[in-house]
Each structure stands twice: as C-alpha cells, then as structure tokens.
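Taking it in order: structure first as structure tokens, then the write-up.
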Amino acid sequence: MYKNDMLKESVFSLIGDRWMLVAATDKNGKTNAMTASWGGMGVLWGKKVAFVFIRPQRYTKRFVDEAAKFTLSFFDDSYKNMLGYMGKVSGKDEDKIAKSGLTVTDRNGAPVFKEARLTLVCKKMYRDTLKEENLIDKSIIEKWYPQKDYHDVYVAEIVEEL
C-alpha cells in the first residue's frame, strides 16, 4: 500500500519526547504551525492514520479546520528550541514560521518544511471534541482541563511519508 515506510522510530519518542509540528494552509494560502506533543499513529478503518489533539483557542486550529490536509513534521534534536518557540508564540501575533527560519513549501495543498527529517502528509477523516462526560478517569479534568477547554481530536489518513 505504501512505497515508503520511513516511520521506524517509537511514536512515543517522536511525539511525546521530541515533539512535532502540526501545520496547515488556509483557504487564502497562509500557512501556520504549532508544536504538539499529544497524538499517535496506528491503523483505523483499514488505513494508516495519525491522530492529533488541538485546543479550541489555538490559532492553528482554524487552519487545520479549513484545510483538507495537514502535515506532521519531525525534526532532529538541534531544532528543539525552534519547536519550543513554535509552541509558545501564536501565529496571530507574528509570522512565526518566518521568524523560526523554517523553509515551507506546498505539496498538493499541504505545507512541508524543508528542514524536517520526516513529514507525514495527512488527509482529514474525522474530527470531534473531547467531552467531559466521556472521560472515565475524572482526574484528567482537574489536571488537564481546569478551564474546560477540551481538545478537538483529528483522525487523518497518512497519505504520504516524506
């Protein structure tokens, strides 16, 4: 099904320890990205998928909502400071992609960063908002959602591995 199978590392390390950039391009051709450390990968509905979580107040959420595709980009350890910056600063306030020094190109409507060592191009399949009543472990609410700003979860088919 896939010609490349570049994903050989632990997703726990890639996402949870090393972080990733979630990026999308809006209908006006503007790209925005945010650092994420919540998500995963697996098989669902007979397809290789990735799933990511985005809080409602994140500026990047609007871009992901408008786009049919988004990318998950992974970088080597020398980019950790850049990932920290991309997670703290809002694209509403400044052109953080330009300030980060990253080079972004378009790949069939999906933003790709030249500096990334691995990029997953993802086609959205499903979105929903986490619901308090569905959280079985209620300690999650106090620890992660004191403001009740529950993440949206996006499930997307991985259509390319670059």
#### Entry: Working for side-chain contact (heavy atoms from CB on, under 4.5 Å), residues Tyr79 and Phe113
CA-CA 12 Å; Tyr79 287 90; Phe113 297 100; over 6 Å; no

Sidechain-backbone polar pair: [X] side chain, [Y] backbone, donor-acceptor under 3.5 Å:
{"X": "Lys96", "Y": "Met86", "answer": "yes"}
{"X": "Lys124", "Y": "Val64", "answer": "yes"}
{"X": "Ser10", "Y": "Phe12", "answer": "yes"}
{"X": "Thr119", "Y": "Leu162", "answer": "no"}
{"X": "Thr60", "Y": "Asn32", "answer": "no"}
{"X": "Lys138", "Y": "Glu132", "answer": "yes"}
{"X": "Asn28", "Y": "Lys30", "answer": "no"}

Could you state whether [X] and [Y] fall into the same hydrophobic cluster, counting links through intermediate Ile, Leu, Val, Met, Phe, Trp or Tyr residues with side-chain heavy atoms under 4.5 angstrom apart?
{"X": "Val112", "Y": "Phe75", "answer": "no"}
{"X": "Phe74", "Y": "Phe70", "answer": "yes"}
{"X": "Trp19", "Y": "Met34", "answer": "no"}
{"X": "Leu14", "Y": "Ile158", "answer": "yes"}
{"X": "Tyr154", "Y": "Val11", "answer": "yes"}

Mind checking the [atom1]-[atom2] spacing from [X] to [Y]? Nearest 0.5 Å is all I need.
{"X": "Asn81", "Y": "Ser100", "atom1": "CG", "atom2": "OG", "answer": "12.0 Å"}
{"X": "Lys47", "Y": "Lys123", "atom1": "NZ", "atom2": "NZ", "answer": "6.5 Å"}
{"X": "Ile54", "Y": "Arg62", "atom1": "CD1", "atom2": "CZ", "answer": "12.5 Å"}
{"X": "Tyr150", "Y": "Ile141", "atom1": "OH", "atom2": "CD1", "answer": "4.5 Å"}

If I compare all heavy atoms of [X] with all of [Y], which pair ends up nearest, and what's the gap?
{"X": "Lys131", "Y": "Thr129", "answer": "NZ-O, 3.0 Å"}
{"X": "Met20", "Y": "Gly39", "answer": "CE-CA, 4.5 Å"}
{"X": "Ser73", "Y": "Ala116", "answer": "CB-CB, 4.0 Å"}
{"X": "Ala50", "Y": "Leu72", "answer": "CB-CD1, 3.6 Å"}
{"X": "Ala67", "Y": "Thr25", "answer": "CB-O, 3.5 Å"}
{"X": "Thr35", "Y": "Gly87", "answer": "OG1-N, 3.2 Å"}

#### Entry: Verdict with supporting geometry, Glu161 and Lys48, side-chain contact (heavy atoms from CB on, under 4.5 Å)
CA-CA 11 Å; Glu161 301 171 26; Lys48 286 185 179 181; 3.5 Å; yes

Kindly check if the number of other-residue, nucleotide or ligand heavy atoms within 6.0 Å of [atom1] ([X]) is above 12?
{"X": "Asp93", "atom1": "CG", "answer": "yes"}
{"X": "Lys99", "atom1": "NZ", "answer": "no"}
{"X": "Lys27", "atom1": "NZ", "answer": "no"}
{"X": "Gln57", "atom1": "CD", "answer": "yes"}
{"X": "Gln147", "atom1": "CD", "answer": "no"}

#### Entry: Trace of the side-chain contact (heavy atoms from CB on, under 4.5 Å) decision for Val49 with Tyr126
CA-CA 11 Å; Val49 298; Tyr126 179 82; over 6 Å; no

### Task
Using a strict 4.0 Å threshold on nitrogen-to-oxygen distance, state whether Arg127 and Asp152 make a salt bridge.
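Yes, charged N to carboxylate O under 4.0 Å.
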
#### Entry: Side-chain ion pair, Glu160 and Lys69, N-O less than 4.0 Å
no

### Query
Taking the inter-plane angle between the rings of Phe51 and Phe53 on a 0 to 90° scale, is it parallel (under 30°), tilted (30 to 60°) or perpendicular (over 60°)?
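Plane angle over 60°, so perpendicular.
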
Could you check if a side-chain atom of [X] sits within less than 4.5 angstrom of a side-chain atom of [Y], using non-hydrogen atoms only?
{"X": "Phe63", "Y": "Thr31", "result": "no"}
{"X": "Val89", "Y": "Tyr59", "result": "no"}
{"X": "Leu130", "Y": "Leu135", "result": "no"}
{"X": "Arg18", "Y": "Leu83", "result": "no"}
{"X": "Glu115", "Y": "Met82", "result": "no"}

### Task
For side-chain contact (heavy atoms from CB on, under 4.5 Å), just list the numbers for Leu102 and Leu21, CA-CA rounded to whole Å, side-chain angles, deciding distance to a tenth of an Å, and then say yes or no.
CA-CA 11 Å; Leu102 293 174; Leu21 275 187; 3.7 Å; yes

